[in-house]
Number of protein chains: 2
Amino acid sequence: MYICPMYSSELLKGTLKTIVLNLLKEQGKMYGYEITQRVKMLSSDKIQITEGALYPLLHALEKQGEVTTQEEFIGKRVRKYYSLTEKGTVSANEKVNELSDFMLTLRFLLNLDSTSANG
Amino acid sequence: MYICPMYSSELLKGTLKTIVLNLLKEQGKMYGYEITQRVKMLSSDKIQITEGALYPLLHALEKQGEVTTQEEFIGKRVRKYYSLTEKGTVSANEKVNELSDFMLTLRFLLNLDSTSANG
DNA sequence: TCATTATGCATAAGAAAGTTATGTATATTT
DNA sequence: AAATATACATAACTTTCTTATGCATAATGA
């Protein structure tokens, strides 16, 4: 049986924060578990954000004033929703632009550019 | 005066090994300093590989049998040339393919696949 | 009904892979 | 002569993950 391989973990390093900020920007507000599931789904299981990586990141973003939180109770269980502040929105845009630029540079460095005019 | 900004260092993590293996594959053989300079040039100074990152990586690659070395003297100064073994060539191809795939996934995740011509 | 899986948060210990700093030495440029 | 460039190497430290653990509620299935 074929197991869809995840990317080696080094690759996620450095992009996780960008992914999370961008999701929050697009979705308005999300809670931690939801973020892990959405990334898993959107990446066809090739990116699985671990809780040990995500929650500390979210806490750090809150501490730095890039996100605010809002708790909601589903029955007896709490959900902690995160949404971007203005600062976080700026940061999200910057991060996405930088990563996009970086990927262009990488494509050039690795000679991955198709023969046509784009890149 | 405008300083061309380097990418935040997290981004390089996870891609350095791929970059080095791919350069060696394309160039046949290279020495450490040459690698740093080529990446700097090809990236318009936006990626600067530090020696503290590069040399330990090259030593690890040699230990794992992915590269072999060959010393050459330029006057009294030594240059240590690295070239890929067969194993290293396989590894280079795998790494580049994985990174390429990962970037596609990222573009999708981050909604960077604009319908128009730019990104 | 009881076990398993899913949902949902959190944190601590450890590993990986960089940065920064330092060291040594030769060659070139100003 | 001093500064910069070339060329290697390694140690201490930091960042940022993974892995492991813990707690608790909800849903599913045998």
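Just so it is clear, the model here is predicted, and its values are computed rather than measured. Labels below follow one simple rule: chain letters A, B, ... track the order of the sequence lines, proteins then strands, and each chain is numbered from 1.
Applying the ring-ring contact (aromatic ring centres under 6.0 Å, His included) test to every pair with at least one member in residues 83-102 of chain A, sequence neighbours left out, gives these pairs: Phe102(A)-Tyr7(B). For residues 69-81 of chain A, the salt bridge (charged side-chain N to carboxylate O under 4.0 Å, His left out) pairs, not counting sequence neighbours, are Lys29(A)-Glu72(A). Within the structure, every pair that satisfies the salt bridge (charged side-chain N to carboxylate O under 4.0 Å, His left out) test and touches residues 96-105 of chain B, not counting sequence neighbours, is listed here: Lys46(A)-Asp101(B). Among residue pairs with one or both ends in residues 22-52 of chain B, those qualifying as ring-ring contact (aromatic ring centres under 6.0 Å, His included) are Tyr31(B)-Tyr81(B); sequence neighbours excluded.
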Would you tabulate the pairs of protein nitrogen or oxygen atoms and nucleotide nitrogen or oxygen atoms of nucleotides 24-26 of chain C closer than 3.5 angstrom?
residue : atom : partner  : partner atom : Å
dT26(C) : O2   : Arg77(B) : NH1          : 2.4

With the criterion being N/O to N/O and under 3.5 Å, what pairs connect the protein with nucleotides 17-21 of chain D, and how long is each?
residue : atom : partner  : partner atom : Å
dC17(D) : OP1  : Gly14(A) : N            : 3.4
dT18(D) : OP2  : Thr50(A) : OG1          : 2.7

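Residues passing the salt bridge (charged side-chain N to carboxylate O under 4.0 Å, His left out) test with Lys17(A), sequence neighbours excluded: none. A search for salt bridge (charged side-chain N to carboxylate O under 4.0 Å, His left out) contacts involving Glu34(A) returns nothing, not counting sequence neighbours.
Between the CD atom of Glu71(B) and the C1' atom of dC8(D) there is a distance of 9 Å, rounded to whole Å. When the C1' atom of dT16(D) is taken as reference, atom CD of Gln64(A) falls 13 Å away, rounded to whole Å. What separates OH of Tyr33(B) from P of dA27(C) is a distance of 15 Å, to the nearest Å. Taking atom NZ on Lys80(A) and atom C1' on dT25(D), their separation rounds to 18 Å, with Å as the unit. Atom CG in Leu58(B) sits roughly 14 Å away from atom P in dA17(C) (whole-Å rounding). A straight line from CG of Leu11(B) to P of dG18(C) spans 12 Å, rounded to a whole angstrom. When rounded to the nearest whole Å, the span between CD1 of Ile35(A) and P of dC9(C) equals 9 Å. dG18(C) atom C1' lies 13 Å from atom CE of Met6(B), rounded to whole Å.
Between His59(B) and dC8(D), a side-chain N or O to OP1/OP2 separation shorter than 4.0 Å is absent. Proximity of Tyr31(A) to the phosphate of dG8(C): a side-chain N or O atom is located under 4.0 Å from OP1 or OP2.
Panel note: side chain Ser91(A), backbone Lys87(A); no donor-acceptor pair is recorded below 3.5 Å.
The side-chain heavy atoms of Leu110(A) and Leu23(B), taken from C-beta on, include no pair separated by under 4.5 Å.
Comparing dC9(C), dA9(D), dA17(C) by their nearest atom to the side chain of Tyr55(A) picks out dC9(C).
Grouped with Val78(B) in one hydrophobic cluster are Phe73(B), the linkage being side-chain heavy-atom contacts under 4.5 Å among Ile, Leu, Val, Met, Phe, Trp and Tyr residues.
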